K.L.:
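Below is the structure I would like to discuss, written out as structure tokens.
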Amino acid sequence: MALNITKKGNHCSVAVEGELTIYQVSGYHKDFLNKCSSAETIAIDLSNVEELDAAGVQLLLSLEKQQHNKGGSLSLAGQNQQIVETMEVLNLSAHFKCHGD
Amino acid sequence: MSDPISTFRTEAEEHLAVLEDTLLEMEQQPDDPELIALTFRAMHTIKGASGMVGFNQLSEFTHQLETALDKVRNGRYSVTPELISVLLDAKDYIEGRLQEPEQTPEQALIGESLLVRLHTIIPKADESKENSSTTVSDNKEASSTEAVFRIRFTPNQSAFTDGFSALPILKELHALGNCYVTTNHKDVPQFNDLDPESCHLSWDIILVTDQSINTINDIFIFVADDWQISIAPIDLDETDEEHSDRLGEILIERGLLTAVQVKQALEEKPKIGDLLRQAGLVSESDIDAALLEQKAIRETRDRKTQSNQDPIVRVPASRLDKLMNLVGELVIVQARMHQLSHLRDDEDMMSVSEDLDLLTTELRDNTFSIRMLPIGTTFGRFRRLVRDLSRELGKEIHLQTEGAETELDKMVIDKLADPMVHLIRNSIDHGIEAPEQREAAGKKRLGTIHLSAEHAESHVIIRIKDDGAGLNTETIREKAIDRGLVNKEASLSDDEIQQLIFEPGFSTATQVSDVSGRGVGMDVVKRSIQELGGNVVIHSENGEGTTITINLPMTLAIIEGLMVEVAEEHYVLPLSAVEECIEMRRDTEVTQDGKRLVKVRGELVPYMRLREWFEVTEEPPAIEQVVVTRLGEDHFGFCVDEVIGQYQTVIKRLGKLYEGTTGFAGATILGDGSVAMILDAAGLMNAVENEVRV
């Protein structure tokens with residue numbers, strides 16, 4: 001379980017490995033705050049996420065909200081089967097901006 | 001408080017009745033999806049209910065049937081006559097199992113053999129779905145069993161740390177049907193302010209499903225205590241504010257807008273969604289979500305078939321009887337008031353009395369109509385009877401009904417059931433011939449029994465008509481002579497001879513069949529019908545068929561009467577039977593063969609003297625009245641001192657001591673408190689005629 005964060009100027013690239021659930025959200029929250037809080041654009045690669053739960057989705061929603069309020073952006077990529085299904089169940093598939101692989 | 005098990009039994013019996021009717025209809029229309037759905041639903045309900053009251057073996061049994069029916073419902077198997085037969089037998093079996101939760105060894109055996117028969121027709125597939133009580137339904141057709149629910153739930157803040165994720169719940173909801181989800185995240189704080197482990201999400205869902213609200217509730221079972229959950233069916237027929245599909249209102253309901261904002265936006269013409277978006281009042285995604293909801297509601301409303309059902313309320317019969325009794329008393333008191341007001345010649349009081357009269361009449365009509373049921377409920381029974389019996393006897397018979405919506409007092413319907421069963425059995429057994437015989441006689445193979453019911457003034461006329469062999473008048477006549485019922489020389493019309501079959505002990509069947517018994521039936525039938533204040537007449541054409549006509553008063557409780565006076569006592573005759581009143585002078589009496597006759601417009605009508613019947617010794621008045629009545633097909637007159645006039649009142653039953661006395665159908669209390677006996681016209685007529693004959 002890891003969060004690989006690369007910062008380049010105003011842009012933050014994040015790759016999530018493993019799970020994005022209640023167990024990780026607290027830790028990841030801190031990581032994001034430390035490294036991405038001032039980024040204008042954030043791109044999160046979820047292709048290696050094995051499990052996504054409501055807490056994980058909430059984390060993403062919260063980040064997205066903040067970026068939006070700042071006038072920045074958040075985009076998601078690499079959505080695998082799990083992610084796609086979860087987003088559909090929650091009817092949030094259209095909510096997040098996506099960027100290609 | 002009513003005992004749950006007896007409630008279960010009552011309701012199960014109702015479901016079984018519906019099941020039987022539906023199965024019989026399905027035999028004629030095996031492809032009708034509505035009928036299939038109804039059958040499934042009835043079985044499903046019985047299964048659930050029996051499980052709930054501890055009738056576990058029954059629940060198991062019906063579960064097997066339900067599973068099989070589900071496969072038919074999904075189109076994997078079609079409805080065949082064999083399937084219907086086994087389901088009808090299963091219905092009988094279930095009926096028998098309602099008494100005791102534990103089955104006897106015999107019952108177990110029968111149950112097993114039924115299931116074996118069932119599984120020969122519809123095999124038991126893999127039972128992997130057996131534990132789930134829901135079926136994943138992909139098909140997008142709205143059947144009449146679908147309902148729309150709005151489900152809103154808000155987990156508590158510690159939901160995540162408590163180990164609950166909304167995802168599995170949402171997945172289960174998706175499995176129940178078409179599910180339109182909105183994930184509300186407006187309460188989620190910005191990232192910097194977020195406590196990631198506390199839940200700020202809530203959900204708003206529209207679910208279109210054929211599952212019950214209980215199935216939905218079950219999904220939330222573990223979180224019901226801690227989460228805020230609201231599950232409510234949406235009535236698609238309501239167009240009031242609560243469930244309006246108008247976008248603005250949905251947005252207000254979701255707390256995204258205030259009514260004022262909507263109003264302002266509406267004052268301009270363009271589409272509200274655009275306006276609100278432009279005004280920055282609501283985000284695009286909020287509008288999309290609300291539009292989704294609107295779409296769901298509209299789509300389902302369009303597809304859903306309307307079933308027009310008046311909600312039914314269940315009332316114990318005894319309460320209804322009590323109510324009717326009170327209303328009856330009210331009518332009597334009102335009559336007294338009426339009389340008193342006239343006696344005192346008090347204008348004001350008379351006016352109040354008239355108002356009271358109007359109200360009482362309406363109250364009375366309404367209350368008594370509560371006990372009116374359409375006779376179709378009885379007709380339904382007969383379908384099964386005709387089907388089973390005709391099969392047993394190797395005959396092909398079709399039952400037609402007409403006027404099933406004709407209403408009758410419930411008690412009348414109940415008492416009518418047995419006589420009618422007997423009459424129909426007769427038709428099937430003795431009336432309609434075997435198919436070969438019919439063909440030989442130039443008739444269609446398929447025999448028809450036609451049941452009809454209609455209103456005629458305050459009477460109901462029920463006819464049972466078959467196109468069978470009819471009565472053999474000669475045989476009847478001979479039999480009657482044999483039994484001394486008829487004089488060899490007497491010339492009787494065909495109709496009169498046919499009526500003889502209603503005499504006790506009469507049966508021309510050379511074989512006493514299992515089906516219709518020893519001919520003890522017909523006279524009992526006649527008596528039952530007379531007890532209801534009606535009469536029965538038979539008419540038959542040899543070779544062509546038989547028609548039995550039953551004539552009944554619509555309600556047992558109220559009489560529209562004609563009040564007459566005999567020797568200073570008052571009596572009431574049923575007004576509906578009265579045709580006319582003629583004056584009679586003593587010197588115009590005629591007797592013939594011991595019968596009293598009076599000339600009425602050229603015809604001779606038999607009559608009786610009530611003074612004679614009541615053994616009044618004083619001298620009668622010089623001028624008397626004869627009230628000519630029509631009872632069934634006969635005319636009969638009643639000679640009285642005076643005809644007072646029309647009188648409508650409640651029939652009071654005679655006490656046990658007097659019931660069964662010939663000639664009296666009850667009594668009534670007059671406005672001045674005195675009692676008037678209600679005469680049983682048909683009974684009197686028969687008594688007099690029999691007297692003469694013997």
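Residue numbering restarts at 1 for every chain, and letters A, B, ... go by the order of the sequence lines. These numbers were taken from a predicted model, which means no experiment stands behind them.
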K.L.:
Find the one option among A/V25, A/I22, A/T86 whose heavy-atom pairs under 4.5 Å with chain B are most numerous.
P.N.:
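Looking at each option in turn, the highest pair count goes to A/I22.
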K.L.:
According to disulfide bond (SG atoms under 2.5 Å apart), who are the partners of A/C12, at least two apart in sequence or on a separate chain?
P.N.:
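With neighbours one apart ignored, the set is A/C36.
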K.L.:
Examine whether an atom of B/T161 lies under 4.5 Å from a heavy atom of chain A, and if so say whether it belongs to the side chain, the backbone or both; otherwise answer neither.
P.N.:
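Both backbone and side chain.
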K.L.:
Does any part of the side chain of B/I205, heavy atoms only, come nearer than 4.5 Å to the side chain of B/F153, both counted from C-beta?
P.N.:
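With C-beta onward as the side chain, the pair touches.
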K.L.:
Chain A: which of B/L170, B/D193, B/N192 shares the most heavy-atom pairs with it under 4.5 Å?
P.N.:
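The residue among B/L170, B/D193, B/N192 with the greatest pair count is B/N192.
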K.L.:
I'd like to check B/L176 versus B/I219 (side-chain heavy atoms, cut-off strictly below 4.5 Å). Are they in contact?
P.N.:
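They are in side-chain contact.
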K.L.:
With a 4.5 Å cut-off on heavy-atom pairs, point out which of A/V89, A/L52, A/V57, A/L92 contacts chain B the most.
P.N.:
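Most pairs with chain B among the choices: A/V89.
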K.L.:
Hey, does A/E64 have a side-chain heavy atom less than 4.5 Å from the side chain of A/H95?
P.N.:
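Heavy-atom side-chain distance check passes, below 4.5 Å.
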